[in-house]
Amino acid sequence: MSNPRRHHRASASRWAQGRRPPAAPPPIARRYRQDRPDAMTFVRRTLLAPVLRLLALLPIALLAACVGSPGSVDVGSTREISVDRNVALATINAFRAENGLGAVRFDPVLGKAAERQARAMAARGNLSHSLDGALPNRVASFGYDWAAVSENIGWNYRSTPAVITGWKRSPGHRRNLLNANVTEIGFAAATGADGEPYWALILGRQKNRR
């Protein structure tokens with residue numbers, strides 16, 4: 001099984017041997033629309049299908065363990081990293097303007113959801129969209145009545161500009177940054193026992209809001 005954390009650690013060990021490293025470890029992106037089918041169809045299409053393709057020979061119990069529920073991860077050992085949200089917002093909005101899209105604004109509810117996701121990943125030392133629950137369920141648990149929602153996550157980037165640049169250079173994350181259906185964002189970073197930064201950007205639009 002390919003493990004993102006193991007891949008990143010292997011890359012770090014090769015850097016120590018003098019090989020030229022890649023620009024940054026790859027982040028991960030995910031997007032949802034409110035007009036998606038029911039929750040079971042969502043899980044089957046976006047979570048179980050990739051797992052079944054990659055892990056077809058592993059026990060079913062492992063597949064069940066891949067998806068948590070909102071608030072299930074103990075984040076007591078983690079701390080939020082201070083990030084420059086003004087820089088993040090200005091950078092994202094400039095990128096959207098270059099591509100003919102309107103600006104987004106910060107939303108405090110999405111900010112809390114992003115912080116929770118960053119801390120959950122830091123607590124587990126795992127770059128994952130689903131370890132603390134599926135994205136739609138996570139934002140809904142904070143009271144966000146979403147019509148569209150998407151998420152970019154990243155690991156081991158050392159600054160706000162670095163992680164946003166990484167997302168801009170990756171097709172999936174670029175699509176999320178340029179999602180015409182979103183109007184607001186939450187952005188956060190956190191670290192855990194390993195001292196490594198985990199990043200979360202959630203982009204959304206609430207029902208009946210433009």
Sub-3.5 Å donor-acceptor pair from the side chain of [X] to the main-chain atoms of [Y], do we have one?
{"X": "Asn179", "Y": "Arg175", "answer": "no"}
{"X": "Ser130", "Y": "Gly133", "answer": "no"}
{"X": "Arg119", "Y": "Thr191", "answer": "no"}
{"X": "Arg205", "Y": "Ala148", "answer": "no"}
{"X": "Asp194", "Y": "Glu196", "answer": "yes"}

**Message:** Looking at Arg85 and Glu80, is any side-chain nitrogen of the basic one under 4.0 Å from a carboxylate oxygen of the acidic one?
**Reply:**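 The answer is yes: the pair qualifies as a salt bridge.
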**Arg116: partners by side chain to side chain donor-acceptor pair (under 3.5 Å), with sequence neighbours left out** =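 In terms of side chain to side chain donor-acceptor pair (under 3.5 Å), with neighbours along the sequence ignored, Arg116 is linked to Asp132.
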**Request:** Report the residues that fulfil side chain to side chain donor-acceptor pair (under 3.5 Å) with Arg79, sequence neighbours left out, ordered by chain and then residue number.
**Result:**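 Result, side chain to side chain donor-acceptor pair (under 3.5 Å) vs Arg79: none returned.
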Report the distance from atom [atom1] of [X] to atom [atom2] of [Y], rounding to the nearest 0.5 Å.
{"X": "Lys112", "Y": "Asp107", "atom1": "NZ", "atom2": "CG", "answer": "10.0 Å"}
{"X": "Trp155", "Y": "Trp199", "atom1": "CH2", "atom2": "CH2", "answer": "14.0 Å"}
{"X": "Ile81", "Y": "Glu115", "atom1": "CD1", "atom2": "CD", "answer": "11.0 Å"}

**Prompt:** Between Leu110 and Val139, what is the shortest heavy-atom contact and its length?
**Reply:**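 Nearest pair, atom of Leu110 first, then Val139: CD2-CG1, 4.1 Å.
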**Prompt:** Can you name the closest pair of heavy atoms from His129 and Gln117 and give their distance?
**Reply:**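 Residues His129 and Gln117, closest heavy atoms: CA-NE2, 3.9 Å.
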Residues [X] and [Y]: side-chain donor-acceptor under 3.5 angstrom:
{"X": "Gln206", "Y": "Trp146", "result": "no"}
{"X": "Glu184", "Y": "Tyr144", "result": "yes"}
{"X": "Asn156", "Y": "Arg158", "result": "yes"}

**Asked** Taking Phe187 as the fixed residue, which of Asn152, Leu89, Val87, Val83 is the one that meets the side-chain contact (heavy atoms from CB on, under 4.5 Å) rule?
**Response**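 Among Asn152, Leu89, Val87, Val83, the one that satisfies the side-chain contact (heavy atoms from CB on, under 4.5 Å) with Phe187 is Val83.
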**Message:** Using 30° and 60° as the class boundaries, would you call the ring planes of His173 and Trp167 parallel, tilted or perpendicular?
**Reply:**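 Plane angle under 30°, so parallel.
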